[in-house]
Amino acid sequence: MEKYLLDLNKEQRKAVIHKDGPLMVIAGAGSGKTRVLTHRIIHLLKEGINPFNILSLTFTNKAAKEMRNRIENIIGNSISKNLWMGTFHSVFSRILRFESEKINYPQNFTIYDTEDSKQLIKSIIKELNLDKDIYKTGLIRNRISTLKNNFITYQKYYENKELALQDQIAKRVEFGKIYQIYQNRCHKASAMDFDDLLIKTYELLELFPDLLEKYQQKFKYILIDEYQDTNHIQYLIVKKLASKFMNICVVGDDAQSIYSFRGANIQNILNFKNDYPNYTSYKLEQNYRSSSTIVEAANSIIKNNEKQIQKTVWTDNPKGEKIIVVKTTSDNDEGRLVANTISEIQMRKQAHCHDFAILYRTNAQSRALEESLRKKNIPYKIYGGLSFYQRKEIKDLLAYFRLAINPNDEEALKRIINYPRRGIGLTTLQNLSLMANSNNSSIWEVINNLDNNSKLNNGTQKKLKDFALTINEFIIKSNEKDAYFASEEIAKQSGIFSELYNDKSPEGVNRFENIQELLNGIKNFVEHAEKESNKLADFMQDVALLTDQDTEKDNDFNKVTMMTVHAAKGLEFPYVFVVGLEENMFPNIMSSESQEALEEERRLFYVAITRAEKRLFLSFASSRFKWGQFIDSEKSRFIDEIDEKCLEKHEHLPSSELKKSKKFMLNKNQIDTKKYALNLNKRRLKKVNYLTNNDYSDTEKIKNGMNVKHSSFGIGKIINISGEGANKKATVFFSGIGQKNMLLKFAKLQIVK
DNA sequence: ACCTCAAACATTTTT
DNA sequence: TGTTTGAGGT
């Protein structure tokens with residue numbers, strides 16, 4: 001037997017060497033799902049299948065990368081690099097760029113991220129003069145996205161009475177109009193949102209039989225990871241592609257389907273047998289990851305769900321220690337508990353930071369945990385939240401890049417037309433937008449073809465012409481020079497570089513460093529790219545599809561991982577903390593209405609605890625700080641669903657500094673109301689301070705040359721005074737920060753002698 | 001056009 | 001509690 005088949009168990013091996021035809025692998029948590037996929041691909045290659053004929057779709061870029069690496073290690077880079085491997089979105093965007101003219105898009109189309117989509121919807125709602133309290137941008141975007149994921153275009157929406165009725169009930173009668181305009185504007189901007197990448201691919205295959213034939217021939221073997229999380233449109237595409245050779249292999253676990261909010265349809269995996277009647281299926285039920293206690297606990301939870309494919313996950317692993325469940329008084333207390341436990345285990349067992357993960361239901365929970373870890377000097381990394389590419393300064397610079405590649409990109413243009421300041425304000429932009437809409441062109445086309453427009457005064461026209469000149473130069477540079485050269489030029493000439501360089505505040509310095517990091521990344525890209533594909537457009541192709549996990553830095557290696565349970569899917573850690581196990585939190589309040597939603601929360605919890613290899617810690621707080629006040633909370637029902645004999649329950653006694661006020665601890669409500677009152681008082685005090693300051697401040701006494709103290713900037717020197725009375729202003733120089741103009745009325749400056 | 005502060009608002013998960 | 005929006009002033 002070949003070496004690569006030796007380290008597989010019987011079932012795994014059957015799945016790997018299965019001949020042609022539809023194949024479904026139901027893989028329980030920790031049962032070696034990725035191993036089966038990679039080995040199957042290796043097996044196909046060994047059997048002489050051309051790597052160009054294999055399409056492997058994963059859920060994240062990271063998973064794709066990891067698979068490619070594993071395959072490369074066994075079979076070599078020259079073969080593995082030719083595999084089609086990536087997320088649905090990245091693979092299909094590549095195909096769409098290749099075939100773009102067929103669907104009437106330029107090759108350099110932009111990919112709008114969620115924020116771009118929201119901004120566009122916001123402007124459409126404004127232009128239509130609709131009530132923004134009824135038409136909430138987030139909701140509208142979600143609805144459009146859900147419709148698209150179910151392959152309901154705006155045309156189909158108009159034909160569907162039931163959907164129209166839903167919107168009538170929600171008093172959003174203009175929804176269809178917004179959807180239609182949104183779609184047209186995206187097209188006019190040569191932009192696609194995430195969902196378009198799927199829809200347009202399907203349309204491409206539907207409208208052009210020759211293309212369908214071409215890609216069916218190309219992708220003779222199709223493998224799909226995390227099949228339980230595919231949505232309807234993905235399902236349709238795959239079905240079309242696979243319909244000729246039927247060599248489709250799907251791997252998944254219905255018990256880990258957690259993305260229904262994104263349109264994932266658990267029916268896809270449950271109905272596989274109907275779609276492909278002559279299918280074969282294997283079940284991987286042996287768990288290699290977790291202690292038997294953890295496996296048993298996981299089983300006891302998931303059996304509460306009604307809808308599922310029957311399977312029994314078991315393990316040969318030792319029993320291990322019991323799962324610790326701890327009740328804490330507050331979210332901060334929970335944070336301290338986690339931090340203390342981590343450092344304790346680290347000392348006793350010589351575990352490394354990267355052995356630990358803290359998982360939570362919502363991103364907002366990271367704050368309290370972060371604070372506790374910082375206090376204990378435990379290094380950590382947070383995934384999710386604001387990723388590198390989402391930061392303002394990065395998005396600003398990227399917007400210039402986007403414009404250089406596709407000047408019709410409306411959202412990019414709006415973002416930077418007045419950043420850095422060049423005196424093109426809201427009124428001008430509104431005018432431009434109106435003109436663009438009326439002659440059905442893009443804003444850029446209006447700006448680029450200005451000839452003595454009567455609606456704009458001469459000064460404004462001059463500014464716009466200058467802007468057009470700049471962008472046109474960027475277009476030329478990005479076409480002619482390599483990505484690094486072009487991006488550096490753009491960073492400098494746009495004014496972003498100096499804008500950030502001159503900001504010497506700590507945040508400003510950080511922003512400047514981020515810009516440099518981006519440029520370094522581009523430099524790296526150019527050094528590794530082929531000559532013919534080292535342009536800025538090549539670099540920008542996938543940027544919108546990158547996430548936090550794809551940009552891991554080297555120095556992030558030995559750190560405690562903090563992430564949402566969703567983000568933890570597919571990962572494993574020796575020690576796992578699942579925090580915030582409270583009703584309305586986990587299960588989340590948004591999911592409490594329906595049985596289906598609750599079952600999904602349960603699957604999410606199942607995913608959470610099956611991440612753990614050795615030890616699992618569950619915690620909940622009886623009170624949590626939210627929206628500026630303490631909210632009482634109850635233990636999550638999921639804890640009670642776990643088999644008692646797997647658990648060891650504790651109540652966490654707060655650390656020493658709180659023990660001093662022990663008498664308050666007798667009644668948690670008491671301490672909460674106390675804290676709350678204290679907080680209120682603080683706020684009131686702030687207000688009073690502000691008022692009194694107004695009356696008795698040193699406003700009148702402050703003179704040029706004096707040293708003053710500011711609450712956040714520290715000591716500075718007055719270098720200029722202007723205005724009188726309430727409008728009296730001072731220019732103050734703070735060392736290390738720079739000059740600031742401030743109204744004395746508000747600045748609360750104290751004279752320093 | 002730009003700047004500032006206070007009021008209003010908001011948290012589910014993400015390619 | 002943080003962040004975004006809007007009013008009102010320059």
Side-chain angles (χ1 to χ4, degrees), chain A residues 57-64 86-93 111-115 122 132-133 136-138 141-142 145 149 193-198 226 229-231 233-234 257-264 331 359-368 383-387 390 418 421-429 459-460 463 542 544-550 563-569 580 584-592 597 600-601 603-604 607-608 624-631 676 679 682-683 686-687 690 722-723 726-727 729 740-743 745-747:
Chain A
L57 296 168
T58 56
F59 196 69
T60 62
N61 292 306
K62 195 184 175 195
T87 62
F88 280 85
H89 291 87
S90 71
V91 168
F92 294 154
S93 76
I111 298 172
Y112 274 177
D113 66 16
T114 309
E115 197 189 323
K122 202 169 167 186
K132 66 173 169 34
D133 294 328
K136 298 201 168 161
T137 42
R141 197 208 71 90
N142 282 345
S145 177
N149 282 324
D193 64 18
F194 288 143
D195 309 314
D196 285 335
L197 296 175
L198 305 176
E226 311 278 13
D229 282 323
T230 49
N231 63 33
I233 186 79
Q234 290 169 330
S257 166
I258 54 173
Y259 277 94
S260 73
F261 70 94
R262 218 174 75 186
D331 46 354
L359 308 181
Y360 34 80
R361 179 63 179 80
T362 66
N363 282 306
Q365 287 166 262
S366 67
R367 198 179 301 270
Y383 288 104
L386 214 52
S387 90
Q390 306 266 322
N418 202 28
R421 298 263 120 83
R422 43 175 79 84
I424 305 173
L426 229 70
T427 332
T428 308
L429 199 60
T460 312
K463 288 171 191 163
D542 294 329
L545 300 173
L546 291 180
T547 61
D548 223 20
Q549 298 204 30
D550 306 321
M563 52 171 53
T564 62
V565 182
H566 281 91
K569 191 169 82 158
N584 295 337
M585 192 72 161
F586 199 169
N588 195 269
I589 189 159
M590 309 301 264
S591 311
S592 55
E600 175 146 326
E601 291 284 310
R603 291 193 293 269
L604 191 58
V607 169
R624 188 169 284 278
F625 202 60
K626 202 181 179 188
W627 294 350
Q629 55 180 327
F630 280 94
I631 310 283
Y676 183 45
N679 231 315
K682 260 192 205 159
R683 285 204 208 180
K686 235 179 172 174
K687 263 191 185 153
Y690 162 72
S722 64
N727 295 323
K729 271 187 194 167
K740 295 276 170 192
N741 288 320
M742 35 187 70
L743 263 180
K745 181 167 71 163
F746 296 120

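So you know, we letter chains A, B, ... as the sequences are listed, proteins then strands, and number each from 1. Predicted, not measured: the structure shown is a model, and the values here were computed from it.
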Pairwise C1' distance for dT13(B) and dT4(C), with rounding to whole Å: 23 Å
When the distance from CD1 of Ile424(A) to C1' of dC2(B) is rounded to whole Å, what number comes out? 15 Å
Between dT5(C) and dT12(B), how many Å separate the two C1' atoms, rounded to a whole number? 24 Å
Look at all strands and tell whether Lys122(A) reaches a base, only sugar-phosphate, or nothing, counting heavy atoms closer than 4.0 Å. sugar-phosphate
Rounded to whole Å, how long is the line connecting atom OH of Tyr259(A) with atom P of dT15(B)? 6 Å
Let me confirm one number: the CG-OG distance from Asp229(A) to Ser260(A), rounded to the nearest 0.5 Å. 9.0 Å
What I'd like to find out is whether the side chain of Thr564(A) reaches to under 4.5 Å of the side chain of Arg361(A), using heavy atoms alone. no
Could you state the atom-to-atom distance from CD1 of Ile111(A) to C1' of dT14(B) in whole Å? 15 Å
Does Thr114(A) or Asn418(A) map to a spot on DNA chain B nearer the 5' end, using the closest nucleotide for each? Asn418(A)
Base, sugar-phosphate, or nothing for Ser90(A), non-hydrogen atoms under 4.0 angstrom? nothing
Describe the nucleic acid contact of Asn61(A) in one word from base, sugar-phosphate, nothing, applying a heavy-atom distance below 4.0 Å. nothing
Nearest-Å distance, CZ (Arg141(A)) to C1' (dT13(B))? 13 Å
Of all the choices, dT14(B), dC2(B), dA1(B), which nucleotide is nearest to the side chain of Thr428(A) once you look at every atom? dA1(B)
Nearest-0.5 Å distance that lies between atom CG in Leu197(A) and atom OH in Tyr112(A): 13.5 Å
For Thr87(A) versus Thr60(A), what's the shortest heavy-atom pair and its separation? CG2-C, 3.3 Å
CD on Gln365(A) to CG on Asp331(A), rounded to 0.5 Å: 9.0 Å
Write down the distance between CG (Asp193(A)) and C1' (dT14(B)), rounded to a whole number of angstrom. 14 Å
Give a yes/no answer on whether the side chain of Arg421(A) brings an N or O atom under 4.0 Å of OP1 or OP2 in dC2(B). yes
When the distance from CG of Leu359(A) to C1' of dT13(B) is rounded to whole Å, what number comes out? 13 Å
Atom CD1 of Ile258(A) and atom P of dT14(B) are separated, to the nearest Å, by 9 Å
Can you name the closest pair of heavy atoms from Val607(A) and Lys569(A) and give their distance? CG1-CA, 4.3 Å
Should His89(A) and Gln234(A) count as side-chain neighbours, where that means a heavy-atom distance under 4.5 Å? yes
Rounded to whole Å, please give me the gap between CD in Glu115(A) and P in dT3(C). 14 Å
Give every pair of a protein N or O atom and an N or O atom of nucleotides 8-12 of chain B that lie under 3.5 Å apart, one pair per line with the distance.
{"from": "dT12(B)", "atom 1": "O2", "to": "Arg361(A)", "atom 2": "NH1", "distance (Å)": "3.1"}
{"from": "dT12(B)", "atom 1": "O2", "to": "Arg361(A)", "atom 2": "NH2", "distance (Å)": "2.2"}

